[in-house]
Amino acid sequence: MKVLKFGGTSVGSVESMSSVKQIVESCHEPVIVVVSALGGITDRLIETARMAVVGGDGYESHFRAIVERHKAMVQQAVEPAKQLELLALIDPLLGELGNIFRGVSLIKDLSTKTLDTIVSYGERLSSLIVSRVIEGAVHYDARFFIKTSRQYGKHIVDFDETNKLVKRYFAELPRVAVVPGFIASDRITGDVTNLGRGGSDYTASILATALGASQLEIWTDVDGFMTADPRVINTAYVIEHLSFTEAMELCNFGAKVIYPPTIYPVFHKNIPILIKNTFNPSAPGTLISADHSHFEGKAIKGISSINDTCLITLSGMGMVGVIGINSRIFNTLARSGVSVFLVSQASSENNTTFAVRNADADVAVRVLREEFKGEMAVGEISSIEAEKELATVAIVGENMKHTPGIAGKLFNVLGRNGINVIACAQGASETNISFVIARDSLRKALNVIHDSFFLSESQVLNLFVAGVGTVGRDLLKQICKQQQRLLETKALQLRLVGIANSRKCLFDREGIDIEHGIELLDREGTPSSPQRLKDEIIAMNIFNSVFVDCTASPDIAALYRSLLDHNVSVVASNKIAASGSYDLYRELKQTARKRDVKYLFETNVGAGLPIINTINNLINSGDKILKIEAVVSGTLNYIFNVVSAEVPLSRAVRMAQEAGYSEPDPRIDLCGQDVIRKLVILAREAGYRVEQSDVEKHLFIPESYFTGSLDDFWRAIPDYDATFEAYRRQVAERGRVLRFVATLDHGKVEVGLREVDSAHPFYHLEGSNNVISITTERYREYPMVIKGYGAGAEVTAAGVFADIIGIANIR
Ligand code: ADP
Ligand code: ASP
Ligand code: MG
């Protein structure tokens with residue numbers, strides 16, 4: 001025989017009732033069907049009781065809704081021929097229930113005993129209905145054979161009595177027996193009691209064990225036991241097989257799918273549990289059994305959590321080495337009915353920390369202060385304090401046993417995401433590591449663990465993109481195009497969780513459609529400001545976050561420090577921060593290192609060319625940069641390439657602007673500022689401490705042209721054409737070309753115009769290309785040269801994209 005338990009949602013609607021009917025009727029052996037109250041009814045009963053106890057008739061409409069729900073179910077789910085007989089059983093029960101509510105409202109008293117009585121009607125009613133839905137089913141009343149006794153104010157199953165009675169009641173098994181779950185009765189008084197919220201699972205387990213069932217099936221509303229709570233982790237998936245130990249560890253820590261006490265009885269008798277979905281019966285479900293398959297490679301099977309956690313800490317030097325302190329702590333708590341679910345004590349023994357539910361915290365502190373009054377008076381124990389608003393997370397898996405590095409990896413990913421572990425515990429059985437964190441970090445912690453232990457099929461990077469001008473727009477296009485491939489080949493999922501320009505911003509932790517991101521921003525965005533961006537990103541507190549700055553704004557660059565400090569990586573095409581004050585540059589790098597996140601800005605120099613990465617690789621492998629010579633202004637190079645006898649300087653500048661190479665204000669390029677910024681970044685990455693003011697400038701347009709407004713500049717610059725053309729002609733006659741070169745030479749930095757002849761590597765440099773030549777101790781005689789497109793939205797966006805992928809650390 002088998003025991004099948006159907007939860008509240010499984011018996012909550014007419015459609016699900018008909019599924020239940022089909023599932024049970026297709027069994028080819030005797031079955032005991034245990035049912036919960038119709039979905040949501042237990043909560044409704046409790047709510048109605050709470051309304052009644054206030055007095056008056058405010059509760060009546062709630063009660064009427066409960067009556068209607070059951071009557072409607074009878075009318076719609078039960079064959080007409082059986083309805084009258086069923087109503088004859090149900091109506092008196094509903095009548096009794098109405099009287100009890102009336103009594104509560106008149107006396108304005110709701111004792112535990114009365115509430116236990118009230119909630120019992122949920123299962124009493126549902127089981128009667130189910131017994132008339134399934135063909136040939138016989139109804140049993142669990143109060144006759146599930147017996148409890150009181151311990152520490154709780155109802156505990158009396159197994160001796162219960163097993164005896166169950167065997168007697170089911171000495172002869174009908175083909176289908178229907179039993180209300182959850183409810184029981186006190187073995188001495190006979191009063192109705194229950195097994196605790198979610199207790200129908202337990203009823204089913206008790207019956208399966210007492211009768212030696214071949215299997216216990218828990219039919220619910222999900223496809224099986226999942227790697228994490230599917231309401232929090234949307235990538236959670238069904239685990240095919242769990243050992244009893246794994247299931248027990250996960251349930252004890254909040255995986256609601258099975259009520260925790262359910263597992264022990266069947267484990268003890270080695271009866272497997274199968275979790276199935278009433279709404280999708282063909283899904284294979286999850287099998288929980290004794291055999292633990294070592295073949296499933298993953299070290300951890302699942303994660304669960306309790307967000308109701310309070311840590312209590314006893315500290316004091318006088319506790320060190322004293323025998324019996326822990327025994328007194330736990331005895332005192334036990335006497336007050338406080339359950340402790342995590343204990344942690346450092347070997348120095350000068351404090352002991354344990355976790356209890358928030359509701360138990362005040363009692364726990366009070367009784368402990370009382371118990372240790374003497375020790376506190378003489379200072380042997382200095383404090384007994386509670387810290388509330390915490391959450392406990394457990395990672396579980398039998399494969400963790402003897403696998404080094406799991407705890408290391410766990411705490412590492414938490415740290416990298418800015419989650420502070422307040423206490424932790426791992427039993428020597430090594431199947432569970434539990435730790436306590438702030439409650440508001442719970443969602444992030446669960447996501448990051450789920451992601452990093454590859455419980456998820458893919459790794460996620462959550463992107464906030466600021467700036468959707470030419471570079472930002474191209475970046476989104478490239479991500480959109482590449483997204484599917486990255487997912488398929490690298491298991492990397494790029495999720496856009498925020499997008500902003502200077503006017504609007506839009507956030508969505510579930511992900512914004514990248515293809516239509518900019519339209520969505522226009523349509524649905526709300527007013528944007530740098531402060532708002534920072535506040536939202538920090539408040540969203542999402543794991544594996546990357547802030548991508550495709551703006552040129554100093555105000556956005558000013559956010560990096562706080563973002564890095566909150567464990568958000570930064571990828572910037574904006575060069576303001578890296579070329580700003582040296583102290584700021586260093587601070588950003590150090591913050592990133594301290595927080596174990598990345599600050600990447602490869603596109604600050606040479607757009608998509610791998611320049612900064614190359615310099616880093618050289619230095620990290622022990623080389624020393626002696627000299628760098630570079631043409632890093634695409635705009636200036638373009639200008640020198642087009643300027644000729646026919647195209648005067650002023651026209652060439654205009655063409656560079658129109659082609660989108662130059663900054664919107666071309667003076668920033670012409671006065672060398674853009675090159676100076678890039679040189680400063682190169683020098684710093686090469687290991688030199690330099691500021692922009694250290695750079696010596698040799699400009700080719702007199703400073704006076706840069707002083708007025710942009711319009712003044714456009715008006716005045718043609719005046720300089722003739723002078724420049726005369727110079728250019730001389731250079732050309734010497735067989736040379738002009739290049740604007742940035743130089744770092746043993747720490748000395750300089751930018752200026754240089755004539756190069758055809759033997760020089762910078763001579764052939766077409767269009768807006770960049771070239772950089774790096775002389776190092778290893779590359780001394782023949783410097784390393786990197787050359788190619790150095791400007792343009794597409795290559796810059798590609799460089800930003802490469803930095804983003806660099807954060808995921810995939811190859
Ligand atoms: P029932 O009424 O059938 O007893 P419950 O609501 O008690 O159902 O339990 C099923 C629910 O448990 C699921 O709908 C799901 O939201 C939640 N749940 C939490 N953690 C897990 C998990 N690890 N695996 C599956 N479900 C989980
Ligand atoms: N109906 C009870 C509850 O909601 C028992 C159960 O469904 O398992 O807690
Ligand atoms: Mg349940």
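By convention here, the first residue in the shown sequence is residue 1. Whatever order the structure lists them in is the order used to number ligands and atoms, beginning at 1. Since the model is a prediction, treat every value here as computed from it, not as a measurement.
- In this model, a donor atom of one side chain and an acceptor atom of the other lie less than 3.5 Å apart for S111 and T114.
- At a heavy-atom cutoff of 4.0 Å, ligand 1 is surrounded by K5, G7, G8, T220, D221, V222, G224, F225, M226, A228, D229, P230, R231, A255, K256, V257.
- Taking a cutoff of 4.0 Å between a charged side-chain nitrogen and a carboxylate oxygen, D91 and K71 qualify as a salt bridge.
- Residues P30 and P174 approach most closely at CB-O, 3.8 Å, considering heavy atoms.
- Between the side chains of T392 and T309, a donor-acceptor pair is found at a separation under 3.5 Å.
- Between R102 and E60 there is a salt bridge, since at least one side-chain N of the basic residue sits less than 4.0 Å from a carboxylate O of the acidic one.
- The environment of NZ in K82 is crowded: more than 12 heavy-atom neighbours from other residues, nucleotides or ligands sit within 6.0 Å.
- The CD1 atom of I206 sits 10.5 Å away from the CZ atom of F145 when rounded to the nearest 0.5 Å.
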Just list the N/O pairs, ligand 2 to protein, that are under 3.5 Å apart, with the distance for each.
{"from": "ligand 2", "atom 1": "1 (N)", "to": "T42", "atom 2": "OG1", "distance (Å)": "2.7"}
{"from": "ligand 2", "atom 1": "1 (N)", "to": "E123", "atom 2": "OE2", "distance (Å)": "2.6"}
{"from": "ligand 2", "atom 1": "4 (O)", "to": "T42", "atom 2": "OG1", "distance (Å)": "3.3"}
{"from": "ligand 2", "atom 1": "4 (O)", "to": "R197", "atom 2": "NH2", "distance (Å)": "3.0"}
{"from": "ligand 2", "atom 1": "7 (O)", "to": "S36", "atom 2": "OG", "distance (Å)": "2.9"}
{"from": "ligand 2", "atom 1": "8 (O)", "to": "G198", "atom 2": "O", "distance (Å)": "3.3"}
{"from": "ligand 2", "atom 1": "8 (O)", "to": "G199", "atom 2": "N", "distance (Å)": "3.4"}
{"from": "ligand 2", "atom 1": "8 (O)", "to": "S200", "atom 2": "N", "distance (Å)": "3.0"}
{"from": "ligand 2", "atom 1": "8 (O)", "to": "S200", "atom 2": "OG", "distance (Å)": "3.1"}
{"from": "ligand 2", "atom 1": "9 (O)", "to": "R197", "atom 2": "NE", "distance (Å)": "2.6"}
{"from": "ligand 2", "atom 1": "9 (O)", "to": "R197", "atom 2": "NH2", "distance (Å)": "3.4"}
{"from": "ligand 2", "atom 1": "9 (O)", "to": "G198", "atom 2": "N", "distance (Å)": "2.7"}

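- Under a 4.0 Å N-O distance rule, the pair R443/D229 does not qualify as a salt bridge.
- Salt-bridge check for E47 with R50: failed, with every basic side-chain N at 4.0 Å or more from each acidic carboxylate O.
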